Protein chains: 2
Amino acid sequence: MSPESVTVHGMSTSGNCHKVRLLLEQLGRPYAWIEVDSANGATRTPAYLAKNLNGKVPMLERAGGGVLVESDAILCWLAEGTPMLPADTWQRAQALSWLFFEQYSHEPYIAVARFIRGWTPVDSPRRADLPRLIERGGQALSVMEKHLQRAAWFTGDTYGVADIALFAYTHCAEDGGFDLSAYPRITDWLARVRATPGFVPMPGVSDEVAARLAFSRA
Amino acid sequence: MSPESVTVHGMSTSGNCHKVRLLLEQLGRPYAWIEVDSANGATRTPAYLAKNLNGKVPMLERAGGGVLVESDAILCWLAEGTPMLPADTWQRAQALSWLFFEQYSHEPYIAVARFIRGWTPVDSPRRADLPRLIERGGQALSVMEKHLQRAAWFTGDTYGVADIALFAYTHCAEDGGFDLSAYPRITDWLARVRATPGFVPMPGVSDEVAARLAFSRA
């Protein structure tokens, strides 16, 4: 039986959305992708909010109409029964632990710093938040670097959902103003992730966003 | 075979920690509790950080020495194989989705507002964050209220881990300055949670914290 095809509503240059694409590609699973411009209000329309009360991407939709939101919950559901999610309950709990770390201690700083530098006006008052985001995001990167002193991956003994989730915004952390050269084990792990079978890179940002990121680096 | 006894390192008046106690009590599972004063640096000692790189509570420790962190990952591991975590993979994914919602869209506003009002000095500059936290936390409560228009619980068809996780800081949201009377379905759901078998309330805060919360309400 071939796996059920699913539809993903997502913004391609969002790390949270790219997680889902990367896993689907690596599982070789059929899917449709509907591009949603979440940076410009497309997730706040009545039609979108009717499906997803919290108005965010990514959103997975099944052929029968069921909807699943929250990127890391989508990863777990898609990975069920595959080597990307450990079957052993303790190993699975450890992978989940890293998924919650990613959403609580990593993404709110590293992804948000990237968003402010790339997707808000260069004179946005939100830029005042950047020093705090850089400090907290740096703490998250330090935790990852220490973990990688004693393990090769974040999903038990092998590559899987927690690596995909943490790769999403770590690999583009420099967009947020983080210096990855200070984290040699993270740099090596990013290379190992890129070398996994079926890996696909996150699409590049628009010229407008690229220009803002260049301004922010200057 | 009786279930393995575990040790929980936690601060009793922390909602994230109380989640774990509530589930253990409702499962009737043996456990030891080590009180950790995380508001005053006890999670930043070298001994604690050696066990938990990210320096947070709660932390679960097995008799054999394995450690699990992140409150919602702990809930999932403890609930495995019980009615508190759906066995059906789609229902389980929906419960996980609410757990990620809780950690990303709810706790960082509702729990943090409570922390600032109760655990930081009354002249703390962090109080300037409160209006933004009230706005964002109110959005999370609205999402919950809308969900409860069409469902009785957050964990599939029955009470379980997602209800425990969301109860933790919703039931004390007024400590953070939220007015729960504006959310009648949430109010009803809180009462249903309190009526579940084996329910234990979160311990009261210290007199010092209670005085700051009273000051904040005035």
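Note that this is a predicted model, so its numbers are computed, not measured. Just so we're on the same page: letters track the sequence lines, and every chain starts at 1.
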Exercise for review: Pick one of side chain, backbone, both or neither for A:Glu80, based on which atoms fall under 4.5 Å of a heavy atom in chain B.
Suggested key: side chain

**Study point:** Gap between atom NE2 of B:His9 and atom CD of B:Glu35 - 0.5 Å precision
**Key:** 12.0 Å

**Study point:** Six-ring centre of A:Trp90, B:Arg62 cation under 6.0 angstrom, axis tolerance 45°
**Key:** yes

Point to revise | Segment of A:Ser105 engaging chain B (4.5 angstrom heavy-atom cut-off) | key: side chain

Check your understanding: Most heavy-atom pairs under 4.5 angstrom with chain A, which of B:Val143, B:Leu99, B:Leu49, B:Leu68?
Key -> B:Leu68

Practice item. May I ask you to check whether B:His147 and B:Phe154 place their ring centres under 6.0 Å from each other? Key: yes

Review point. Of the backbone (N, CA, C, O) and the side chain (C-beta and beyond), which part of B:Leu60 lies under 4.5 Å from a heavy atom of chain A, both, or neither?
Key: side chain

Check your understanding: Angle class for the A:Trp98/A:Phe101 ring planes (parallel below 30°, perpendicular above 60°, tilted otherwise)?
Key -> perpendicular

Check your understanding: Do the charged groups of A:Asp72 and A:Lys19 touch, with an N to O distance under 4.0 Å?
Key -> yes

Revision key, fill the gap. Given B:Ala93, B:Ala73, B:Ala140, B:Ser97, the one with more heavy-atom pairs under 4.5 angstrom with chain A than any other is B:Ser97

Study note, to complete from the structure: In short, salt bridge (Lys or Arg N to Asp or Glu O under 4.0 Å) pairs touching residues 125-140 of chain B with sequence neighbours left out are none

Practice item. Against chain B, label A:Ile74 side chain, backbone, both or neither, depending on which of its atoms sit under 4.5 Å from a heavy atom there. Key: neither

Review point. What option among A:Val69, A:Leu96, A:Leu53 has the most heavy-atom pairs under 4.5 Å with chain B?
Key: A:Leu53

